[in-house]
Amino acid sequence: MSTRAQVDFDYLRQIVAGRSQNVLDPSRDYLFETRLSRLLRNQGMTGLEELVHQLRLKKDAALEHAIAEAMTINETSFFRDGRPWELLRTELLPELIEGRRGSRTLRFWSAACSTGQEAYSLAMLVHEYFPALANWNVRVEGTDICAEVVERARAATYHRIDMNRGLPARFIVRHFDHAGEEWRVKPGIRQLCNFRRANLCNFPMPFNERFDVIFLRNVMLYFSQETRRTLLEEVHRLLAPDGVLFLGSSEQPADMSLWTAVLAGGTCHFEPRGSRGRRS
């Protein structure tokens, strides 16, 4: 087994940054040992030192991508941080619906969707509180860099521990089928959601339509300032002129010339600056 002193962590950090734009601080080098353990077993390798040695001998794009995926944080939960959801339900979504009565279309994007809880939360919110949208064209797109979590999102099956994080009991009864220790999202909610693998730092994104609401929450924490700026330029392009962007509570756009920050409902969201929006 290699010691940490023998491993070229700088090389591994460069791979992660090159593949996902996540800039990892050296103080987090210990995470490589735990998060790459399964990858090492699958590759038949004894430790990180052997992994680095093999990559230096022969470039392997698939293996590099697997390393970047393994180092991606996939923390999520249903209706995570309640205030944005309450604001969306009580103020923002009713206004967007009023403005979309002509097209009868609504588009949501859960960027870095992980295992899908955020996307399914959006679908449940629409289904639960806005039954008049049953005949509308409503779609929730979920994207993530990690193929494994995208497959889990598509499976729409969650363990008891996941269900106990943020879900009202009545939502569990109405929107999930129960089997043993697992619950599966019911078809009526699943059919509103589509999941695909996509790297937020590969532009342009694979969409040919604009979104009314974009959730890009707690995604850019380890991105460089330049990566954040470029990503949010792309998000600005994909957001409807009167659309809504939610970031994490500690995040803000790198270039505020494109955005108007709006404080409401005890939380902050962003609207395209100069839009025909509600408060700009």
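All values below come from the heavy atoms of this structure, side chains included, with hydrogens, waters and symmetry mates left out. As the structure is a computational prediction, the values presented were derived from the model and not from experiment.
L216 approaches L247 most closely through the heavy-atom pair O-CD2, 3.5 Å. Minimum heavy-atom separation, I67 to L12: CD1-CD2, 4.4 Å. Between S257 and R273, the shortest heavy-atom distance links the atoms O-CD, 3.1 Å. Nearest heavy-atom pair, A261 versus C268, reported as atom, atom and distance to 0.1 Å: CB-SG, 4.1 Å. Closest approach of E234 to P204, counting heavy atoms only: OE2-CA, 3.4 Å. The heavy-atom pair separating P94 from T90 by the smallest distance is CG-O, 3.7 Å.
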Mind running ring pair (Phe, Tyr, Trp, His ring centres under 6.0 Å) on W136 and F130 for me, showing each step along the way? CA-CA 11 Å; W136 282 39; F130 302 95; 9.9 Å; no

How far apart are the C-alpha atoms of V219 and L200, what are their side-chain angles, what is the distance that settles it, and do they pass the side-chain contact (heavy atoms from CB on, under 4.5 Å) test? CA-CA 9 Å; V219 176; L200 288 174; 3.4 Å; yes

Test side-chain contact (heavy atoms from CB on, under 4.5 Å) on L232 and F270; report intermediate values, then the result. CA-CA 11 Å; L232 283 165; F270 298 89; over 6 Å; no

Evaluate N22 against R13 for side chain to side chain donor-acceptor pair (under 3.5 Å), listing each step before the verdict. CA-CA 9 Å; N22 278 318; R13 290 195 300 271; over 6 Å; no

Between R56 and D8, does the side-chain contact (heavy atoms from CB on, under 4.5 Å) criterion hold? Intermediate values first, please. CA-CA 11 Å; R56 286 189 179 279; D8 189 348; 2.4 Å; yes

Determine, step by step, whether F207 and R196 satisfy the side-chain contact (heavy atoms from CB on, under 4.5 Å) criterion, reporting the C-alpha distance in whole Å, the side-chain angles of both residues, the deciding distance to 0.1 Å, and the verdict. CA-CA 11 Å; F207 301 117; R196 70 179 84 180; 3.9 Å; yes

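The aromatic ring centres of Y129 and W85 sit 6.0 Å or more apart. No close placement of the F9 and Y30 rings is indicated, their centers lying 6.0 Å or farther apart.
A 4.5 Å side-chain heavy-atom check between D81 and F246 finds every atom pair outside the cut-off. Put simply, the side chain of W259 reaches to within 4.5 Å of the side chain of L239, judged on heavy atoms. Looking only at side-chain heavy atoms (C-beta outward), L63 and Q43 come within less than 4.5 Å of each other. Here the side chains of S37 and R41 are in contact, with some heavy-atom distance below 4.5 Å. Between S20 and M71 the shortest side-chain heavy-atom distance does not fall below 4.5 Å. Between E50 and L40, every side-chain heavy-atom pair lies at or beyond the 4.5 Å cut-off. With a 4.5 Å cut-off on side-chain heavy atoms, R165 and Y158 do not count as touching. Annotation: side chain of E64 is in contact with side chain of K59 (closest heavy-atom distance under 4.5 Å).
Not one N or O on the side chain of R83 forms a donor-acceptor pair closer than 3.5 Å with the backbone of T267. Using a distance-only test at 3.5 Å, with no hydrogens or angles considered, a donor-acceptor pair links the side chain of N199 to the main chain of R19. Panel note: side chain T230, backbone T227; no donor-acceptor pair is recorded below 3.5 Å. Remark: side-chain polar atoms of R197 are paired, donor with acceptor, to backbone N or O of I145 under 3.5 angstrom. With D144 contributing its side chain and S114 its backbone, the two residues share a donor-acceptor pair below 3.5 Å. At least one donor-acceptor pair under 3.5 Å links the side chain of R228 to the backbone N or O of F223. The backbone N or O of T76 sits nowhere less than 3.5 Å from a side-chain atom of E118 that would complete a donor-acceptor pair. Within the 3.5 Å criterion, the main-chain N or O of C193 finds no donor-acceptor partner in the side chain of Y120. Using modelled atom types, no side-chain atom of R184 and backbone atom of D177 make a donor-acceptor pair closer than 3.5 Å. A donor-acceptor pair under 3.5 Å links the side-chain atoms of R217 to the main chain of R80, judged by distance alone.
Checked against F108 for a side chain to side chain contact (heavy atoms under 4.5 Å, CB included), the options L125, L192, V244, V138 give a single hit: V138. For the ring-ring contact (aromatic ring centres under 6.0 Å, His included) with F171, the lone residue among F176, F79, F78 that qualifies is F79.
In this structure, L231 is not a member of the same hydrophobic cluster as V23, with clusters built from ILVMFWY side-chain heavy atoms closer than 4.5 Å. The same ILVMFWY cluster, assembled from side-chain heavy atoms under 4.5 Å apart, contains both F203 and V235. Under the 4.5 Å side-chain contact rule for hydrophobic residues, L36 and V149 do not share a cluster.
For the atom pair R154 CZ and R190 CZ, the distance stands at 13.5 Å (nearest 0.5 Å). The CZ atom of R139 sits 8.5 Å away from atom CD of Q191, with the distance rounded to the nearest 0.5 Å. Atom-to-atom distance recorded for D60:CG and L55:CG is 6.5 Å, nearest 0.5 angstrom. Note: I189 CD1 to H175 NE2 = 5.0 Å, rounded to the nearest 0.5 Å. Between atom CG of residue D10 and atom CG of residue L24 there is a gap of 11.0 Å, rounded to the nearest 0.5 Å. Taken from OG1 in T260 to CG in L245, the straight-line distance is 11.5 Å, to the nearest 0.5 Å.
Residues R89 and E128 are not paired through a salt bridge, judged by the lack of any N-O separation under 4.0 Å between the basic side chain and the carboxylate. Ion pairing between a basic and an acidic side chain is recognised when a charged N comes within 4.0 Å of a carboxylate O; R229 and E233 show such pairing. A salt bridge between E141 and R107 is absent, with no side-chain N of the basic residue lying under 4.0 Å from a carboxylate O of the acidic one. By the 4.0 Å N-to-carboxylate-O rule, R100 lies close enough to D242 to be salt-bridged with it.
Using a 30° and 60° split on the angle between ring planes, W183 and H178 fall in the parallel class, below 30°.
Heavy atoms of other residues, nucleotides or ligands lying less than 6.0 angstrom from NE2 of H159 number more than 12. Atom CZ of R210 has more than 12 neighbouring heavy atoms from other residues, nucleotides or ligands inside a 6.0 Å radius.
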